[in-house]
Amino acid sequence: MPSTVVVGAQWGDEGKGKIVDLLAQDSDVVCRYQGGPNAGHTIVVAGETWKLRQMPSGVVSGTQSVIGAGCVVDAQVFVDEVDLLIERGIDPSIVVLSGNAHLIMPWHVTIDQASERRLGSLQIGTTRRGIGPTYADKASRIGIRVQDVLDPKILREKIKVALAEKNLWLERIYEAKPFDLEEVWSQYAGFAARLAPFVGDVSLLVDDALRGGKRVLFEGAQATMLDLDHGTYPFVTSSNPIASGAATGIGIGPTRIDRVLGISKAYVTRVGEGPFPSEIVGPDQERLRELGGEYGTVTGRERRCGWLDLVALRYAVRVNGMTSLALTKLDVLSAFDKLPVCVRYRLRDGSETEHFPAHQSDFHHATAVWETLPGWSQPLDDAASLDDLPAAARSYVEYVSRDLQVPIELVGVGAARERVLA
C-alpha cells in the first residue's frame, strides 16, 4: 500500500524509530508529522547507533525525509543533525523542511522550565525543551515559523511583537531575565543560510509522491496516550501523535492514508508524571528497566515500567484505526518466569471494565486486573522467524493479537534492524 502511518500505541518509546527505519528500506518518502526534538529515536544499523531528535528516522537509510508543518523545530538541533548526516556520509539534501513548521525560540525554553518549577508537585513532567510553549504560541497566532527566518525584516518584526509580551511574563511572573531583541534577531537571522536549502512545500511534495504511486511512510514523534486531545490529559504532549494527525501535520487529506501500523512494547513504559495502572511494584520494575535499557534517548530519564496494559492498547487500536501491530522488545521478557497482563481496570466503585475510562478521575483511580501468562525463560537470540520463537513466546504474541483483534505482523527481539521478525 502506498501510504502507511506508524504510530506509537502506548506512552512513547515503543521502538518506532527502529520500525520506521526497517520500513524505510522499501519506502520512497518518510514524513515526520508532529512533535519536536524532545522525542528521540534510537536506531542501530550495522553496529552503529543513531540517536535522532529532529530528523525523521528515514534519513538513516538515505530515504527522502520530510518534516511537516505539524512539527516544531529547534534550529540548532536541526543544523547539528544536518552536520551529523554529512559526517556519516549521507547527503542531507534528502531532507525537506516545511516552511510552515514553527520554531522553538529561546523564550519558549525558559518559560517551559520556569513553568514546571512553579507547578512544583503538580508539574506535568515535560522535557523542558520549550515544546508546549511553542505550540501555545502557534495556537495564539504569535508563533515564528521556519519561513520567517528567510526574511530578516519579517523575522525582526515578529520577534519584536513576541518579546513585547514574553519579556513581561519572564520578568513579572517567572522572575527571569528578559531577552534582547537584537541578540535574538541576529542569532536566528544567522540560521537563514543553513535552513534555506532545506525549506520546501511538504504538502505538495507528498501529494505528488502519492499521486505518482510512491510509497510514503508517516511517523509521529510521541504516541497515542500522549495525544493532546485523546491522551491522558494533562500529562500529554502539545500536539496530535495519533494517526489522523499525519494528515493535518503534513497537509494531505485523510483519505490518502491506506494503513495504520501501531507500535507497542511487549510491556509498557512511560516517562514523567501521571497515572499508570499497570506499573510494576517492587524489584521487577528496576530489573525490567535495566534489561530493556529504559532510559530516555534525549533526557536520560528513567522510564517507569509496567506489565502490558491491554485496556490502553484496545483504546489505541480504536482511536488510531490500527490495521496491524508491531510488538517490540519481546526479548526483554525472556528473564521472567511469569508475565502478568492487565486485561481490565477496576474502578473506584468496584466495577470492572475492559474499556479505557472516558473520564480522567476514573482513570486516575483505576487499578489493574491481571491475567498471568507463562514465561519462556530462554533467550530469543537464535530466532530468525516467528516460527522459531519458543512456544510460550508465540502464545504471548497470539494472546495479544487475539485480544486486540488486530494482526501482529512484526515482532522485535533485539536492538538491531535485522532483529525484527515477520
Side-chain angles (χ1 to χ4, degrees), residues 32-38 53-55 66-82 95-116 126-205 221 228 237-240 245 248-251:
R32 172 77 69 88
Y33 60 86
Q34 57 77 221
N38 58 329
R53 295 167 58 187
Q54 192 77 75
M55 295 289 179
V66 306
I67 298 173
C71 298
V72 294
V73 176
D74 184 311
Q76 187 62 60
V77 172
F78 180 87
V79 167
D80 289 346
E81 291 192 350
V82 166
V95 178
V96 181
L97 171 62
S98 173
N100 291 339
H102 280 244
L103 286 172
I104 301 168
M105 302 301 289
W107 54 84
H108 293 137
V109 179
T110 300
I111 290 172
D112 196 2
Q113 294 172 351
S115 177
E116 281 288 274
T126 79
T127 56
R128 305 191 180 199
R129 281 169 166 75
I131 307 301
T134 306
Y135 277 112
D137 279 1
K138 175 181 178 178
S140 297
R141 299 180 295 281
I142 59 169
I144 296 173
R145 300 190 293 178
V146 168
Q147 61 179 276
D148 296 329
V149 173
L150 308 184
D151 187 318
K153 290 184 179 179
I154 289 177
L155 177 64
R156 189 180 189 282
E157 186 61 28
K158 288 199 169 187
I159 293 175
K160 180 180 178 181
V161 170
L163 285 182
E165 174 186 313
K166 301 303 176 184
N167 278 342
L168 285 175
W169 276 88
L170 289 168
E171 291 182 287
R172 299 182 183 181
I173 304 298
Y174 297 115
E175 299 179 345
K177 183 180 177 181
F179 287 92
D180 179 76
L181 167 61
E182 298 304 328
E183 287 183 9
V184 176
W185 175 76
S186 176
Q187 177 188 3
Y188 279 79
F191 283 119
R194 295 299 309 272
L195 296 181
F198 302 99
V199 178
D201 188 337
V202 164
S203 172
L204 180 61
L205 183 155
L228 178 60
T237 194
S238 301
S239 56
N240 294 109
T248 53
I250 295 298

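Computation of the quantities below employed the complete heavy-atom set of this structure, encompassing side-chain atoms and omitting hydrogens, waters and symmetry-equivalent molecules.
Nearest heavy-atom pair across Gly132 and Ser238 is CA-OG, 3.2 Å. Scanning both residues, Asp148 and Gly143, for their nearest heavy atoms gives OD2-O, 4.3 Å. Gly35 approaches Ala221 most closely through the heavy-atom pair CA-CB, 3.9 Å. Between Leu181 and Lys160 the shortest heavy-atom distance is CD1-N, 3.7 Å. Smallest separation of non-hydrogen atoms from Pro37 and Ile104: CD-CD1, 3.6 Å. Across all their heavy atoms, Gly68 and Ser98 have their closest contact at C-CB, 3.7 Å.
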Checking Phe78 against Phe191 for the ring-ring contact (aromatic ring centres under 6.0 Å, His included) test, could you report, in this order, the C-alpha distance in whole Å, the side-chain angles of both residues, the deciding distance, and whether it holds? CA-CA 10 Å; Phe78 180 87; Phe191 283 119; 9.7 Å; no
Kindly indicate, with the supporting measurements, whether the criterion side-chain contact (heavy atoms from CB on, under 4.5 Å) is fulfilled by Ile144 and His102. CA-CA 6 Å; Ile144 296 173; His102 280 244; over 6 Å; no
Could you walk me through whether Leu103 and Val72 pass side-chain contact (heavy atoms from CB on, under 4.5 Å), step by step? CA-CA 6 Å; Leu103 286 172; Val72 294; over 6 Å; no
For Val82 and Val95: C-alpha separation, side-chain torsions, deciding distance, then whether side-chain contact (heavy atoms from CB on, under 4.5 Å) applies. CA-CA 9 Å; Val82 166; Val95 178; 5.9 Å; no
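A 4.5 Å side-chain heavy-atom check between Gln187 and Pro106 finds at least one atom pair inside the cut-off. The side-chain heavy atoms of Val184 and Trp107, taken from C-beta on, include a pair separated by under 4.5 Å. Taking the side chain as every heavy atom from C-beta outward, Lys166 and Ile142 approach each other to under 4.5 Å. You'll find the side chain of Phe179 stays beyond 4.5 Å of the side chain of Met105, heavy atoms only. Taking 4.5 Å as the limit, every side-chain heavy atom of Asn100 sits out of range of all side-chain heavy atoms of Val146. Looking at heavy atoms from C-beta onward, Val73 lies in side-chain contact with Gln54 at the 4.5 angstrom threshold. Side chains of Leu97 and Val66 form no contact here, defined as non-hydrogen atoms less than 4.5 Å apart. In this structure, Pro133 and Asp112 have side chains that are in contact, with non-hydrogen atoms separated by less than 4.5 Å.
Within the 3.5 Å criterion, the main-chain N or O of Glu183 finds no donor-acceptor partner in the side chain of Ser186. Checking side-chain atoms of Arg32 against main-chain N and O of Met55 turns up a donor-acceptor pair under 3.5 Å. Side chain of Ser203 to main chain of Gly251: a donor-acceptor pair is present (N/O by atom type, distance under 3.5 Å, no hydrogens or angles).
The only option from Val202, Val199, Asp201 that meets the side chain to side chain contact (heavy atoms under 4.5 Å, CB included) definition with Val96 turns out to be Val202.
Using modelled atom types and a 3.5 Å distance limit, the side chains of Asp80 and Gln76 yield a donor-acceptor pair. In this structure, a donor-acceptor pair under 3.5 Å is absent between the side chains of Gln34 and Asn240. His108 and Asp137 share a side-chain donor-acceptor pair at under 3.5 Å.
Remark: Trp185 CH2 to Leu155 CG distance equals 8.0 Å, nearest 0.5 Å. To the nearest 0.5 Å, the span separating CD on Glu81 from CG on Asp74 amounts to 9.5 Å. Expressed to the nearest 0.5 Å, how far CD1 of Ile131 lies from SG of Cys71 amounts to 10.0 Å.
For Lys177 and Glu171, the salt-bridge test fails: no basic side-chain N is under 4.0 Å from an acidic carboxylate O.
Remark: Glu182 CD is packed, more than 12 non-hydrogen atoms of other residues, nucleotides or ligands lying under 6.0 Å away.
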